[in-house]
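See below for the structure under consideration.
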Amino acid sequence: MRRLHNIYCILCLGYLLGVYRGQIALWKEPDPQPIRVFPYSVSMLPKEDQSILERGIRGDTVTELTRQLEDYLSQGS
């Protein structure tokens, strides 16, 4: 429950790129459900990138996360 609370607090600040059910996902405040789940398994990424995504990457706009997202998606294919 604590993890969900932490994710919710991050979501209140903008967008979050992270992991949902083992896949890369994007959230928008204040919805605790992702607005988009990408068909890319996080397990295909290097361990360091997996760890970063598990913690979540915050951005004020989707544009800020686009480059990060493209990097992760290109690594997972």
Side-chain angles (χ1 to χ4, degrees):
M1 189 66 164
R2 175 101 173 119
R3 181 174 166 85
L4 290 176
H5 173 74
N6 290 343
I7 290 173
Y8 184 78
C9 289
I10 293 170
L11 291 173
C12 290
L13 301 174
Y15 290 88
L16 177 74
L17 187 61
V19 179
Y20 180 78
R21 297 182 180 176
Q23 296 180 307
I24 298 172
L26 180 67
W27 284 265
K28 170 71 172 116
E29 67 175 339
D31 194 350
Q33 293 296 316
I35 58 173
R36 177 90 191 265
V37 178
F38 300 92
Y40 296 95
S41 176
V42 176
S43 65
M44 301 301 290
L45 298 174
K47 293 291 184 192
E48 182 178 320
D49 293 338
Q50 290 179 36
S51 179
I52 291 169
L53 281 169
E54 284 288 339
R55 288 191 306 269
I57 301 169
R58 188 199 162 275
D60 291 325
T61 67
V62 173
T63 305
E64 289 179 38
L65 296 175
T66 299
R67 184 172 180 190
Q68 289 268 342
L69 178 60
E70 289 172 350
D71 288 345
Y72 288 123
L73 294 181
S74 68
Q75 289 179 44
S77 47

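- Of all the heavy atoms in V37 and Q23, the pair that sits closest is CG1-OE1, 3.4 Å.
- Put simply, the side chain of Y15 reaches to within 4.5 Å of the side chain of I35, judged on heavy atoms.
- The shortest heavy-atom contact between Y20 and A25 is CB-CB, 3.6 Å.
- Atoms CZ and CG, from R55 and L16 in turn, are 12.0 Å apart once rounded to the nearest 0.5 Å.
- For the atom pair CZ (R36) and CH2 (W27), the distance works out to 13.5 Å, reported to the nearest 0.5 Å.
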